[in-house]
Asker: 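Let me give you the structure first, and then I'll get to my questions.
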Number of protein chains: 2
Amino acid sequence: MKLKDFAKHLDLSPTTVSRALSGYPEVRESTRKRVADEALRLGYRPNINAVRLVTGRVGAIGILMGRGREVHFAEFLSGMGERLGGEDIDILVTPIAEHDAREEIQLYSRLVESRRVDAIIVNGPRPDDERISLLHRLGMPFLVHGRSETAVPYAWLDIDNEGAIKRATSHLLDLGHRRIAMINGRPGVTFSVHRDKGYRDALVERGLPFDPKLVAHGNFTDEVGFRFARSFLEQSPRPTAFVAGSMMTALGVYRAARSLDLIVGKDISVIAHDDVFPYLNADNMAPSLSTTRSSMRAAGTRSAELVLQLLSGKPPAEIHELWPVELILRESTGLAP
Amino acid sequence: MKLKDFAKHLDLSPTTVSRALSGYPEVRESTRKRVADEALRLGYRPNINAVRLVTGRVGAIGILMGRGREVHFAEFLSGMGERLGGEDIDILVTPIAEHDAREEIQLYSRLVESRRVDAIIVNGPRPDDERISLLHRLGMPFLVHGRSETAVPYAWLDIDNEGAIKRATSHLLDLGHRRIAMINGRPGVTFSVHRDKGYRDALVERGLPFDPKLVAHGNFTDEVGFRFARSFLEQSPRPTAFVAGSMMTALGVYRAARSLDLIVGKDISVIAHDDVFPYLNADNMAPSLSTTRSSMRAAGTRSAELVLQLLSGKPPAEIHELWPVELILRESTGLAP
DNA sequence: AAAAAAATTGAAAACGTTTTAATTTATTCG
DNA sequence: CGAATAAATTAAAACGTTTTCAATTTTTTT
C-alpha cells in the first residue's frame with residue numbers, strides 16, 4: 001500500500017500522515033494516534049527507497065571486513081547491532097581481501113562514491129593511515145576504532161593499549177620476572193605499536209634492557225601463539241613470562257608450554273589481552289588466564305552510538321574516547337621461578 | 001552531478017545516457033563509449049536511491065548473524081564478498097541475540113517488511129524451521145545454507161554432513177576402534193541431526209551398539225571440546241577415538257588428551273570437521289589433524305551466486321546443491337591401541 | 001462577538017533515476 | 001529515388017515519499 005492510498009483511507013492528506021508517522025510536533029495527538037494505530041493494523045510502512053531518495057540519507061553504516069580478524073570483527077558487529085536495533089539504520093558489510101593497501105583505498109573510495117552509506121567505521125588503523133585522509137577529503141563522516149597519527153581531525157574510540165600492556169608487564173616485573181616475551185599483533189597497526197611502547201616503557205622504567213629477540217608480531221591465532229612461544233622457549237635462558245596479544249595467542253602459548261612439559265603459572269607466567277568472546281572464557285581455561293580485559297562487543301555498541309552522534313552533526317574533533325583496560329589476575333601468573 | 005546535467009554536458013538526453021550506462025543494446029557503440037568515458041572523467045554515478053526507487057530493487061542481500069557461530073559466519077560472509085564484489089549488491093548484516101525463536105521470527109518479519117533487502121540467506125536451519133515457511137509465505141526470495149524438513153519448496157546449499165561423518169566413523173572402525181565418542185554441534189539444528197545419523201549409521205552397519213553416553217552436543221568452541229573430551233575420557237573403558245564437530249572442538253580434545261597424558265594419534269584418534277579457516281590449519285597442528293573438509297568460504301561464494309540466480313527468476317525448487325565432503329587423513333588417526 | 005494568534009492540515013513541488021511510447025535518423029531494397 | 005524497415009534517440013510519465021509554503025480550522029484574547 002502506498003502513502004496516498006493509506007492517507008485516503010484515513011481521510012487525511014499524505015502530508016499529515018507522513019508527519020504523524022515521523023513524529024513531527026505540529027500534528028494533533030489524537031490524529032497521530034489514529035494514524036499510528038491504523039498503520040499498524042493495515043501494515044503500512046513507507047517505501048524505504050522513496051524515503052531515502054527524498055531525504056538524501058541512506059540509513060546505513062558501512063564497515064569493511066578484512067581477513068584474519070574475523071573473530072574480533074564479528075564480535076564488534078554484534079555490539080553495533082545492540083545499539084542499532086531500534087534505529088532504522090543498517091550495517092553494510094563489505095568483505096575485503098586486504099592484500100595491498102592500494103586496493104583497500106580503492107574499495108573505500110568506491111564505497112563513498114557509491115553513496116550507499118551515511119558513515120563508515122574504519123578498523124585496524126595504522127599510524128599513517130591513508131584511509132583517514134581519504135574519507136576526510138571526500139567529506140564522508142567516519143569513526144575510527146583505534147587511533148592513527150594522521151594530521152586531519154577525526155573521531156575515534158580506542159582502548160588504552162599502551163597503559164594496559166605497561167601495567168601487565170610491570171606486574172610481571174613485580175613478580176620477579178626478568179625475561180618477558182611479548183607476542184604482539186600484526187606489525188604496522190597502531191594498536192601493536194602502542195602495545196610495544198607499553199611493554200618497552202615498563203622495562204625502561206625499571207632500568208631493564210629491551211631485547212628485540214623477545215618480541216614477535218603476528219595475527220591473533222592459536223598457531224602464531226604456539227610457534228612463537230615454542231621458539232622463544234627454546235632460547236636460553238628462556239623467558240619466564242609471556243605477554244600475549246589475544247586469547248587465541250594465549251591458547252597457543254599454553255599449548256607450547258605443555259609440549260615442553262612446563263607448567264603455566266609456575267614455570268612460566270602468561271598474561272593475555274582479552275577482548276571478551278562469549279565462547280572463550282579466561283576463567284575456564286586450565287589454568288585460568290590472567291588478562292587485560294576490554295569488551296570488543298561494548299566497543300561496537302559505543303561506536304554505533306558515536307556514529308549516530310556524528311550523523312546528527314557533532315564535530316568529529318569532539319569525539320575522542322580512550323577506554324581504560326582492566327587487569328584481572330588469575331592462576332596463569334605467579335612468582336618467577 | 002545529476003543525470004540531467006551530465007546528459008546536457010554530453011548533448012544527449014537523460015534517457016540515452018541512462019541506457020548507455022546500463023548497457024542496453026539499442027544505443028550506438030560510439031555513443032556508449034563516449035558516455036562511459038565522460039562518466040569516468042567527470043565522476044558521474046547515478047544516485048543509488050533514485051535507481052532503487054524506480055527499479056524497486058534494493059540491491060542488497062540480508063543475512064542475520066546469530067551469536068555463538070561468529071567465526072563461521074565471518075568466513076561465509078567473506079566468501080559471499082568474493083562473488084558480490086563486481087555486482088552492485090550489498091550485504092546487509094543484522095546482528096541478533098537469538099535467545100528465543102519468537103524474537104528471531106520477528107526479526108525476519110521486520111527485515112522482509114522493511115523492504116531493505118532483495119533476498120535473504122537463512123543460516124543454521126532446524127528441521128522444523130519456522131523461518132522458511134515465513135519467508136515463503138511473505139514471498140521473499142531466500143536461500144537456506146543447510147537443510148530443513150519444512151514442506152514448502154525452498155532453495156538450499158548444504159554439505160553432505162551425514163556422509164562425511166559416516167565415512168569418518170567408518171574409517172575409525174576400520175582402524176579397530178570400538179568406543180568412538182562424538183562431540184557434535186548445537187542440538188536441534190539440522191546439520192547436527194545429520195551428523196548424528198551418519199555416526200549412528202556407521203555403527204549400525206557394523207552391527208555395533210549405539211551408546212548415547214558417547215555423544216555430546218554443544219557450540220563449536222575449544223572449551224566445549226575440552227570439557228566433553230575430559231568427561232568422556234574419565235569413563236571406563238574410555239573411548240579410543242573422537243569425532244569432533246569443528247577445529248575448535250578438536251583443539252579442546254587435544255588439550256584434554258594432553259591434560260591426561262594421552263598421545264593423540266596413538267592413545268586416542270581424532271577426526272574433526274574442518275570448515276577451512278585461514279587462521280587454523282589442520283596441517284599445522286601437533287600432531288596434524290585428520291579432517292572431513294569443506295570450505296565455508298566456498299559455500300559463501302556459491303551461495304551468493306545462487307541468490308543471484310534466484311533473483312534473476314530461477315525457481316527455488318530447482319536450486320538444490322549437496323556438496324560432497326573430503327576425508328583427509330593425517331597424523332591424528334591411528335590403529336586402536 | 002470580533003479580531004488576533006496559534007494550531008493543524010493540505011496542495012504542490014521537489015528528490016534523481018528508469019522505462020514506455022513516440023519520434024527522428026539511418027539503412028535497405030525494389 | 002522513394003518507400004519500407006531498422007536503428008538510435010528523446011519527451012514525458014512514472015517510482016513513493018518528504019517538505020515548503022499556504023490555507024484552513026481551532027483556540028485565545030480583547
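As the structure is a computational prediction, the values presented were derived from the model and not from experiment. Chain identifiers are assigned alphabetically (A, B, ...) following the order of the sequence lines, protein sequences preceding nucleic acid strands; residue numbering begins at 1 within each chain.
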Asker: Quick one: which of D:dC15, C:dT17, D:dA11 gets closest to the side chain of B:Ser13?
Answerer: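 Minimum distance to the B:Ser13 side chain belongs to D:dA11.
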Asker: Between B:Arg45 and A:Asp11, which residue's closest nucleotide on DNA chain C lies nearer the 5′ terminus?
Answerer: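 Result of the comparison: A:Asp11.
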Asker: Roughly how many Å is it from CZ in B:Arg57 to P in C:dG16, rounded to a whole number?
Answerer: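 From B:Arg57 CZ to C:dG16 P: 24 Å.
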Asker: Specify the closest pair of heavy atoms between A:His72 and A:Met296, including all atoms of both residues, with the distance to one decimal.
Answerer: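 What the structure gives for the nearest pair is O-CG, 3.6 Å.
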Asker: Indicate whether the side chain of B:Thr301 and that of B:Arg83 have a donor and an acceptor atom separated by less than 3.5 Å.
Answerer: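 No pair is found: no donor N or O on one side chain lies under 3.5 Å from an acceptor on the other.
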Asker: Below 4.0 angstrom, N of the basic side chain to O of the carboxylate: do A:Arg126 and A:Glu104 qualify?
Answerer: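 Yes, charged N to carboxylate O under 4.0 Å.
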Asker: May I ask you to say whether B:Glu29 pairs ionically with B:Arg32, meaning some side-chain N is under 4.0 Å from a carboxylate O?
Answerer: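 Salt bridge present between B:Glu29 and B:Arg32.
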Asker: Measure distances between side-chain N and O atoms of A:Arg52 and base N and O atoms of C:dG16, and say whether any donor-acceptor pair falls under 3.5 Å.
Answerer: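 Per atom types, no contact qualifies.
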Asker: Is the closest basic N to carboxylate O distance between A:Arg41 and A:Glu38 below 4.0 Å?
Answerer: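 Looking at A:Glu38 together with A:Arg41, the answer is yes, because their closest N to O distance falls below 4.0 Å.
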Asker: If you only use heavy atoms from C-beta on, which nucleotide in C:dT18, D:dT17, D:dT9 is closest to the side chain of B:Leu3?
Answerer: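 It is C:dT18.
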Asker: Return the value, rounded to whole Å, for the distance between atom CD of A:Glu29 and atom P of C:dT8.
Answerer: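 My rounded result for the distance is 10 Å.
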Asker: Among D:dT19, C:dT17, D:dT18, which is the nearest nucleotide to the side chain of A:Thr15?
Answerer: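 Comparing D:dT19, C:dT17, D:dT18 against the side chain of A:Thr15, the answer is D:dT19.
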Asker: Rounded off to whole Å, could you give me the CZ-to-P distance for the A:Arg115 and C:dC15 pair?
Answerer: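 In whole Å, C:dC15 P lies 14 Å from A:Arg115 CZ.
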Asker: More 5' along DNA chain D: B:Leu53 or B:Glu26, using each one's nearest nucleotide?
Answerer: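 With B:Leu53 and B:Glu26 compared, the 5'-side residue is B:Glu26.
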Asker: Which nucleotide in the set C:dT18, C:dG16, D:dT17 lies at the smallest distance from any side-chain heavy atom of B:Thr55?
Answerer: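 Among C:dT18, C:dG16, D:dT17, the one nearest the side chain of B:Thr55 is C:dT18.
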Asker: Which is true for B:Tyr44 with a 4.0 Å heavy-atom rule: it touches a base, it touches only sugar-phosphate, or it touches nothing?
Answerer: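 Sugar-phosphate, no base atom in range.
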Asker: I want to verify a distance call: between D:dC15, D:dT20, D:dT9, whose nearest atom is closest to the A:Lys2 side chain?
Answerer: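 Minimum distance to the A:Lys2 side chain belongs to D:dC15.
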Asker: Is A:Tyr24 touching bases, backbone alone, or none of the nucleic acid, heavy atoms closer than 4.0 Å?
Answerer: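 The answer is sugar-phosphate, as A:Tyr24 gets under 4.0 Å only of primed atoms, P, OP1 or OP2.
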Asker: Grab the CE-C1' distance between B:Met1 and C:dC15 for me, whole Å please.
Answerer: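 Atom-to-atom, B:Met1 to C:dC15, this comes out as 17 Å.
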Asker: Taking atom P of D:dT9 as reference, at what distance in whole Å does atom CZ of B:Arg32 sit?
Answerer: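 One finds 10 Å between P of D:dT9 and CZ of B:Arg32, rounded.
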Asker: Any sub-3.5 Å donor-acceptor pair from B:Asn49's side-chain atoms to A:Asn49's backbone N or O?
Answerer: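 No: the side chain of B:Asn49 does not pair with the backbone of A:Asn49.
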Asker: Identify whether any heavy atom of A:Ile48 sits under 4.0 Å from a base atom; if not, whether one sits that close to sugar-phosphate; answer base, sugar-phosphate or nothing.
Answerer: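 Nothing, no heavy atom under 4.0 Å.
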Asker: With respect to the phosphate group of C:dA7, does any side-chain polar atom (N or O) of A:Arg28 fall under 4.0 Å of OP1 or OP2?
Answerer: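 False: A:Arg28 side-chain N/O out of range (4.0 Å or more) of C:dA7 OP1/OP2.
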Asker: What nucleotide, of D:dC15, C:dA14, D:dT9, holds the atom closest to the side chain of A:Val54?
Answerer: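 Nearest nucleotide to the side chain: C:dA14.
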Asker: Side chain of B:Asn47, heavy atoms from C-beta onward: which of D:dT17, C:dT9, C:dG16 has the nearest atom to it?
Answerer: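 It is C:dG16.
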Asker: Could you state the atom-to-atom distance from CZ of A:Arg19 to C1' of C:dT9 in whole Å?
Answerer: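 It is 7 Å, rounded to the nearest whole Å.
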Asker: Could you tell me the separation between the CG atom of B:Leu10 and the P atom of D:dA8, rounded to a whole number of Å?
Answerer: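 The answer, rounded to whole Å, is 18 Å.
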Asker: Grab the NZ-C1' distance between A:Lys8 and C:dA11 for me, whole Å please.
Answerer: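 So the NZ-C1' distance, A:Lys8 to C:dA11, works out to 14 Å.
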